[in-house]
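These numbers come from the heavy atoms of this one structure, side chains and all, not from hydrogens, waters or symmetry mates. To find a chain, count down the sequence lines: A is the first, B the second, and so on, and within it residues start at 1.
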There are 2 protein chains.
Amino acid sequence: MVRNPFIETVRQFTPLSPTSESALFSELHRLEFGKGHVLVPPDTICRSIYFIETGLTRTFYYKDGKDITDWLSAEGQFAVSISSFITQQPDRRSVELLEPSVLWSISHSALEKLYQQHHELERMGRLLANYGLLLVQQRFDELHFATALERYRTLMTQNPTFVQRVPLSMVASYLGMTPETLSRMRAQI
Amino acid sequence: MVRNPFIETVRQFTPLSPTSESALFSELHRLEFGKGHVLVPPDTICRSIYFIETGLTRTFYYKDGKDITDWLSAEGQFAVSISSFITQQPDRRSVELLEPSVLWSISHSALEKLYQQHHELERMGRLLANYGLLLVQQRFDELHFATALERYRTLMTQNPTFVQRVPLSMVASYLGMTPETLSRMRAQI
DNA sequence: ACAATCCTTTGACAATTATCAAAAACTAAA
DNA sequence: TTTAGTTTTTGATAATTGTCAAAGGATTGT
């Protein structure tokens, strides 16, 4: 029974045999980086997925010269440039640390190999993809027809720590608004 | 070698052995319904996923009394209330036919059984979930920081038939704007 | 502690998009 | 074909959000 935060999170999705667990564990790498470290540079292939033991990351890209925060992940969550990881093609999205972090990474190629060898791990991969789908769909719904104030309120109930830990200019683009608009939503309580 | 549009599409994601193919095929049901037929009523559990051989479907829900088109699917694509299907919990999203359609359905429980029995099919499920993730992410990006005109233009290049086949009021909410705004975007060419 | 920088807020104004109303265009049934 | 109903377009106006500029706060390094 491996004791590792990545594995323990994965177990909540599907039970794993000791064989699968140790095979998975043997491909994990523990990483420690400081604030500002770039996990995935822009226009490169995202070759690993990162589980956050402690710390905070953001995925972002530039559109028309503007810095757009696409995703935020904290402890217990995954950080990845999702479309690049799935397609193994370069993507404009970049991933960086907003706080010094302890991460567990596994490479795309190692995962592919594990998927081939262990049906259980293939299932884990499917369930993690399903989970990701739910998360993206939730954010999609928010943007679809919620006002700036509604989106801020949802964030305050679902991820209040982001507002404390992430610069507001990044929270603003995460929510699909300008920093000025976010500041005004906050003033409205 | 099964000849079936669902199976042929799935083969493009991953190769399937004859055994897996016939196991999958044996769980498929061919369905034919007229325009307006409701595949998934609102606030019910979406128990099947539907592959469209011919026809057109939309997923929609009501927010503040307004009808919002969440997703459109045509021949060669899948129709499903995605979060309900994944969680097997009720969801406000409803799925209906916009044209008379020929569909191939498979139930969630049959899929679960097949996933258990055939590693290859579990892989297929994982790859289909990955594909869905890419699609939702693309639409998320659009809404995040593209203007109404940009969103209309993207639709015209990526799915021009939707504009011809779907009532414009539904295309408008699909794109996250009012019918009046869509009409004005169209007038601007 | 202090400067230098960066982040956030505030204000004035502009652009985008929504709302409401009515006219025009289209569709379907008799 | 004509009519009744629905959808789409157009117009006037309002609400929301963005842009630009400047002031106020906070943070960091020396």
Side-chain angles (χ1 to χ4, degrees), chain A residues 34-38 56 58 60-69 72 96-100 139-156 160-189, chain B residues 34-37 56 58 60 62-69 72 96-100 139-156 160-189:
Chain A
K35 176 174 173 173
H37 178 84
V38 175
L56 185 60
R58 74 161 182 144
F60 68 103
Y61 60 90
Y62 286 91
K63 184 186 171 175
D64 306 330
K66 283 173 212 153
D67 176 318
I68 297 181
T69 297
L72 296 167
E96 68 173 16
L97 303 194
L98 296 182
E99 294 178 0
R139 287 202 66 211
F140 174 77
D141 281 359
E142 277 281 303
L143 282 183
H144 204 175
F145 274 106
T147 65
L149 186 57
E150 286 175 318
R151 302 200 299 274
Y152 174 66
R153 287 212 166 111
T154 302
L155 183 69
M156 285 304 284
T161 71
F162 284 169
V163 177
Q164 291 152 354
R165 294 165 72 184
V166 179
L168 289 176
S169 55
M170 294 175 186
V171 173
S173 69
Y174 176 80
L175 291 175
M177 64 187 79
T178 61
E180 293 93 335
T181 297
L182 177 58
S183 176
R184 288 176 178 119
M185 299 299 114
R186 284 158 63 74
Q188 283 185 47
I189 301 165
Chain B
K35 176 174 173 175
H37 179 84
L56 186 60
R58 75 162 182 144
F60 68 103
Y62 286 91
K63 182 184 173 176
D64 305 330
K66 283 173 212 152
D67 175 318
I68 297 180
T69 297
L72 295 168
E96 68 173 14
L97 303 194
L98 296 182
E99 294 178 0
R139 287 202 66 210
F140 174 77
D141 280 359
E142 278 280 304
L143 283 183
H144 205 175
F145 273 106
T147 64
L149 186 57
E150 287 175 317
R151 302 199 300 273
Y152 175 65
R153 287 212 167 110
T154 302
L155 184 67
M156 285 305 284
T161 70
F162 284 170
V163 178
Q164 292 151 354
R165 294 165 71 185
V166 180
L168 289 176
S169 56
M170 293 175 186
V171 173
S173 70
Y174 177 79
L175 291 174
M177 63 186 78
T178 61
E180 294 93 333
T181 297
L182 177 57
S183 174
R184 289 179 177 115
M185 299 299 114
R186 283 157 64 75
Q188 283 185 49
I189 300 166

According to ring pair (Phe, Tyr, Trp, His ring centres under 6.0 Å), who are the partners of Phe140(B), at least two apart in sequence or on a separate chain?
His144(B)
What is the distance, to the nearest angstrom, from the [atom1] atom on [X] to the [atom2] atom on [N]?
X: His144(B); N: dT17(D); atom1: NE2; atom2: P; answer: 14 Å
X: Leu175(A); N: dT17(D); atom1: CG; atom2: C1'; answer: 14 Å
X: Glu150(B); N: dG18(D); atom1: CD; atom2: P; answer: 14 Å
X: Leu98(A); N: dC6(C); atom1: CG; atom2: P; answer: 17 Å
X: Leu168(A); N: dT9(C); atom1: CG; atom2: C1'; answer: 10 Å
X: Gln164(B); N: dT7(D); atom1: CD; atom2: C1'; answer: 17 Å

Quick tally for nucleotides 10-29 of chain C: nucleotides whose base has a protein heavy atom under 4.0 Å get B, sugar-phosphate-only ones S, the rest -, giving BBB----SSBB---------
I'd like to check the salt bridge (charged side-chain N to carboxylate O under 4.0 Å, His left out) partners of [X]; sequence neighbours left out, ordered by chain and number.
X: Lys35(B); value: none
X: Glu180(A); value: none
X: Glu142(B); value: none

Using the test side-chain contact (heavy atoms from CB on, under 4.5 Å), find all partners of [X] that sit at least two apart in sequence or belong to another chain.
X: Pro167(A); result: Ser169(A), Met170(A)
X: Thr161(A); result: Gln164(A), Arg165(A)
X: Ala148(B); result: Arg151(B), Met177(B), Thr181(B), Met185(B)

Would you work out how much the helix from dA1(C)-dT30(D) to dA30(C)-dT1(D) bends between its ends, with each end axis defined by five base pairs, to 10 degrees?
50°
One thing to verify: whether Asp67(A) and Arg58(A) come together as a salt bridge, which I'm taking to mean a side-chain N less than 4.0 angstrom from a carboxylate O.
yes
